[in-house]
Amino acid sequence: MPEGHTIHRLAKDHRPLLVGKHVRVSSPQGRFAAGAALLDDHVVTRIEPYGKHLWYRFDGGQLLHIHLGLYGKFVGGALPAPEPRGALRLRIVTDDNWLDLRGPTHCDLVTPAERRAVLARLGPDPLRPTADPNEAWQRITRTKTPIGQLLMDQSVLAGVGNVYRAEILYRAGLSPFRPGRDVDRNAWDAMWLDLVAHMKSGVRTGRIVTTDRADRDRQRGTATREDSHYVYRRDGLPCRRCGTEIRTEVMAARNLFWCPTCQPA
DNA sequence: GCTAAATGTTGAT
DNA sequence: TCAACCTTTAGCT
């Protein structure tokens, strides 16, 4: 599930559960045992999301860095916690709740300098109120790299993943193959606003829904897949607006989806 | 039951 | 450009 909206939602969900709370921390799987021991019996002081990264601060100065990667997942609930099963990287338990983390790419203690180094590599995050779309624009407009690749580059834009890339380009009527330098400023400004709106709704709902109501209504009962996307994983199916077959191709090491008619080269 | 793919990143070639 | 990594699940048999 993890694009930026998932990470920001986790931060919102975890704050009331963890911040100010004394926690018991363990790594039943053992891979984070040493780090867990250092966090155990401490108090969580802050939770900070940025792009697809999450940092948890503890009293005593420890800093936990989590990146879910492709498969990472948090699950939790009210005590009592279930018996640990399988590869359970991290378990955090408060007086009331338990929280389990499985399959993350990163679950490590880091120094403030290491955190700054990660942040320095990230472009603006549409989910942060202070984010400046112009920083991304400066990168986009100076390269012939295709826009479909730029949107996935976390140093251009933080938090956008494969679903938002495909869907936002479709909504903009922009070919993924258009060189960054040939994207005009108005198109970029509109895409940024569209990203902000849809990623925010993603945080609220926990799902990525990019289809407009009109398109969903028109196709009610006829959609062959869930109707929350225009192109993502809809290759071979007819475009919801024009009927052209949705195409797919690997770009930036991921499957890209687009409508050749609505997004002409 | 098995296999491939998945909303991601890194490091080697 | 490609393989590796971490884990779950959809879609087969």
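Letters go in sequence order (proteins before strands), and every chain restarts at 1.
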Quiz question: by atom type and distance under 3.5 Å, do the side chains of A/H42 and A/D59 form a donor-acceptor pair?
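A donor-acceptor contact under 3.5 Å links the two side chains.
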When rounded to the nearest 0.5 Å, the distance separating CH2 of A/W55 from CG of A/L119 is 4.0 Å
Under 30°, 30 to 60°, or over 60°: which ring-plane class applies to A/H67 and A/H53, parallel, tilted or perpendicular?
perpendicular
Whole angstrom is fine here: how far is it from [atom1] in [X] over to [atom2] in [N]?
X      : N      : atom1 : atom2 : result
A/Y50  : B/dG8  : OH    : P     : 18 Å
A/L256 : B/dT7  : CG    : C1'   : 14 Å
A/N162 : B/dG8  : CG    : P     : 6 Å
A/H67  : B/dT10 : NE2   : P     : 7 Å
A/I208 : B/dA6  : CD1   : P     : 14 Å
A/D235 : B/dA5  : CG    : C1'   : 12 Å
A/R254 : C/dT1  : CZ    : C1'   : 16 Å
A/F74  : C/dT7  : CZ    : P     : 14 Å

Is the ring centre of A/H14 less than 6.0 Å from the ring centre of A/F74?
yes
Rounded distance in Å between the P positions of C/dC6 and B/dA12:
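Per the computed distance, 16 Å lies between those P atoms.
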Determine the Euclidean distance between corresponding C1' atoms of C/dA3 and B/dA5; express it in Å to zero decimal places.
16 Å
Looking at [X], I'd like to know whether one of its side-chain N or O atoms comes within less than 4.0 Å of OP1 or OP2 on [N].
X      : N     : value
A/K73  : C/dT7 : no
A/H5   : B/dT7 : no
A/Y164 : B/dT7 : no

Does any part of the side chain of A/L90, heavy atoms only, come nearer than 4.5 Å to the side chain of A/S27, both counted from C-beta?
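They are not in side-chain contact.
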Qualifying salt bridge (Lys or Arg N to Asp or Glu O under 4.0 Å) pairs with a residue from residues 154-178 of chain A, counting only residues at least two apart or across chains
A/R171-A/D194, A/R171-A/D212
Please tabulate, one pair per line, each protein N/O and nucleotide N/O from nucleotides 2-6 of chain C that are separated by under 3.5 Å, including the distance.
from  : atom 1 : to    : atom 2 : distance (Å)
C/dC6 : OP1    : A/R31 : NH1    : 3.0
C/dC6 : O5'    : A/R31 : NH1    : 3.1
C/dC6 : N3     : A/Y71 : OH     : 3.4
C/dC6 : N4     : A/Y71 : OH     : 2.0

Within 45° cone of A/F257 ring axis and under 6.0 Å: A/R234 NZ or CZ:
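No.
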What does A/R121 touch in the nucleic acid at a heavy-atom separation under 4.0 angstrom: a base, only the sugar-phosphate, or nothing?
sugar-phosphate
A/N255 side chain: which of B/dT7, B/dA6, B/dT10 is closest?
B/dA6
